[in-house]
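Throughout, a chain's letter reflects where its sequence line sits, starting with A, and its residues are numbered from 1.
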Protein chains: 2
Amino acid sequence: MGDKYDCLKISNQLCFPLYACSKEIVKRYKPYLDPIDLTYTQYITMMVVWEEKEITVKALGDKLYLDSGTLTPVLKKLEQKGYVKRSRSKDDERNLIITLTDEGLELKKQACEIPAKMGQCVKLSPGETEQLYSLLYKILGCFPEEN
Amino acid sequence: MGDKYDCLKISNQLCFPLYACSKEIVKRYKPYLDPIDLTYTQYITMMVVWEEKEITVKALGDKLYLDSGTLTPVLKKLEQKGYVKRSRSKDDERNLIITLTDEGLELKKQACEIPAKMGQCVKLSPGETEQLYSLLYKILGCFPEEN
DNA sequence: GACAATTAGATTGTGTACAATTAAATCAAC
DNA sequence: GTTGATTTAATTGTACACAATCTAATTGTC
């Protein structure tokens with residue numbers, strides 16, 4: 001055991017469990033997100049809009065690590081569903097401002113059970129959860145906030 | 001501070017850094033994968049094929065947490081590039097067997113520098129890396145291997 | 001051995017992700 | 001104040017990712 005190709009074994013990669021875990025957890029959101037007709041990407045986008053009430057696409061992209069190629073269609077969908085409004089900034093016409101609508105605020109009430117329900121699906125102790133959380137942010141911290 | 005909606009803050013989610021971290025790391029593979037003309041999904045698929053030499057699509061999907069809807073086009077692409085062969089099992093015609101070709105084996109030599117290069121991009125100590133690795137597999141362990 | 005149930009892949013449709021390019025607005029230098 | 005550079009979104013093209021459905025092959029039951 002231990003040949004020069006061991007480094008290429010899938011079980012020796014750190015990236016793989018990260019990738020697989022992320023996908024599996026996102027998948028487990030579906031049963032909770034379906035009733036409020038949101039996808040995972042739409043959900044995390046709404047989370048930021050719920051917090052900020054008003055934010056540019058640029059700032060949203062920085063927070064979510066997503067670019068306009070991803071966000072533009074997501075935001076158009078959310079506007080179409082009536083949860084946000086899209087309008088150009090008066091100060092700087094290049095900026096598109098995303099604003100929470102009344103329906104968007106209403107949705108927040110229905111969403112607020114979701115985090116607790118999802119928490120049960122990850123079988124880690126509070127200490128382990130904290131550890132994982134801080135390791136992940138340590139990695140993210142090394143990356144430029146945006147592209 | 002600490003209202004009833006704190007649970008919906010993006011910074012209080014465990015899923016989000018997991019999702020963001022996974023994407024950011026996959027993105028950082030690109031400069032190393034471009035020269036050998038593989039995408040990340042094609043790369044992890046080849047990793048398993050390099051280890052197994054011969055494997056069914058089903059088993060591949062179990063290992064990679066991917067379904068046939070994702071794997072079918074990926075494997076056709078890899079076949080087209082000449083790295084794998086796709087053929088039905090004689091024993092059970094339902095099974096599609098993926099076999100490593102000589103070109104596929106050749107590619108392994110070029111790929112073997114990648115893990116070390118990527119390792120430098122994640123700024124964690126060996127202990128922290130080990131910790132993260134085991135926490136992620138702990139979560140994955142709770143999930144059924146497949147869908 | 002016929003037939004229902006199961007299993008493995010393929011296909012289709014929707015929704016991300018991201019690189020690369022484009023277009024419009026603003027900024028910076030002079 | 002005009003022009004070149006920068007910034008912000010949108011667009012386009014490629015490649016996943018997965019749910020749902022379909023088809024063909026196999027298995028289990030009697």
Is any side-chain N of the basic residue among A:Glu24 and A:Lys27 closer than 4.0 Å to the acidic one's carboxylate O?
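Salt bridge between A:Glu24 and A:Lys27, a charged N being under 4.0 Å from a carboxylate O: yes.
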| request: Run the salt-bridge test on A:Glu51 and B:Lys9 with the 4.0 Å N-O cut-off and return the result as yes or no. | output: no
message = By the 4.0 Å heavy-atom rule, please label B:Asp34 as base, sugar-phosphate, or nothing.
response = nothing
So, OP1 or OP2 of [N]: does either fall under 4.0 Å of a side-chain N or O from [X]?
{"X": "A:Asn95", "N": "C:dA25", "answer": "no"}
{"X": "B:Thr39", "N": "D:dC16", "answer": "yes"}
{"X": "A:Tyr40", "N": "D:dA17", "answer": "no"}
{"X": "A:Lys76", "N": "D:dT11", "answer": "yes"}
{"X": "B:Arg88", "N": "C:dA10", "answer": "yes"}
{"X": "B:Arg86", "N": "C:dA10", "answer": "yes"}
{"X": "A:Lys23", "N": "D:dC18", "answer": "yes"}
{"X": "A:Tyr19", "N": "D:dA17", "answer": "yes"}
{"X": "B:Lys30", "N": "C:dC18", "answer": "no"}
{"X": "B:Lys27", "N": "C:dA17", "answer": "no"}
{"X": "B:Ser68", "N": "C:dT11", "answer": "no"}

Of the nucleotides [options], which one has an atom closest to the side chain of [X]?
{"X": "A:Thr41", "options": "C:dT16, C:dA10, D:dA17", "answer": "C:dT16"}
{"X": "B:Leu66", "options": "C:dC27, D:dA17, D:dA19", "answer": "D:dA17"}
{"X": "A:Thr70", "options": "D:dA19, C:dC18, D:dA17", "answer": "C:dC18"}

What one should report as the nearest heavy-atom pair of A:Gly104 and A:Trp50 is O-NE1, 2.8 Å
**Prompt:** Is there a side-chain contact between B:Leu132 and A:Leu132, using heavy atoms and a 4.5 Å cut-off?
**Reply:** yes
Does the separation of the ring centres of B:Tyr65 and A:Tyr19 fall below 6.0 angstrom?
no
Of B:Thr56 and A:Lys77, the one whose nearest nucleotide on DNA chain C sits closer to the 5' end is B:Thr56
Nearest-nucleotide check on DNA chain C, A:Glu93 vs A:Val74; residue mapping nearer the 5' end is A:Val74
Any N or O donor-acceptor pair under 3.5 Å from the base of D:dA10 to the side chain of A:Thr72? no
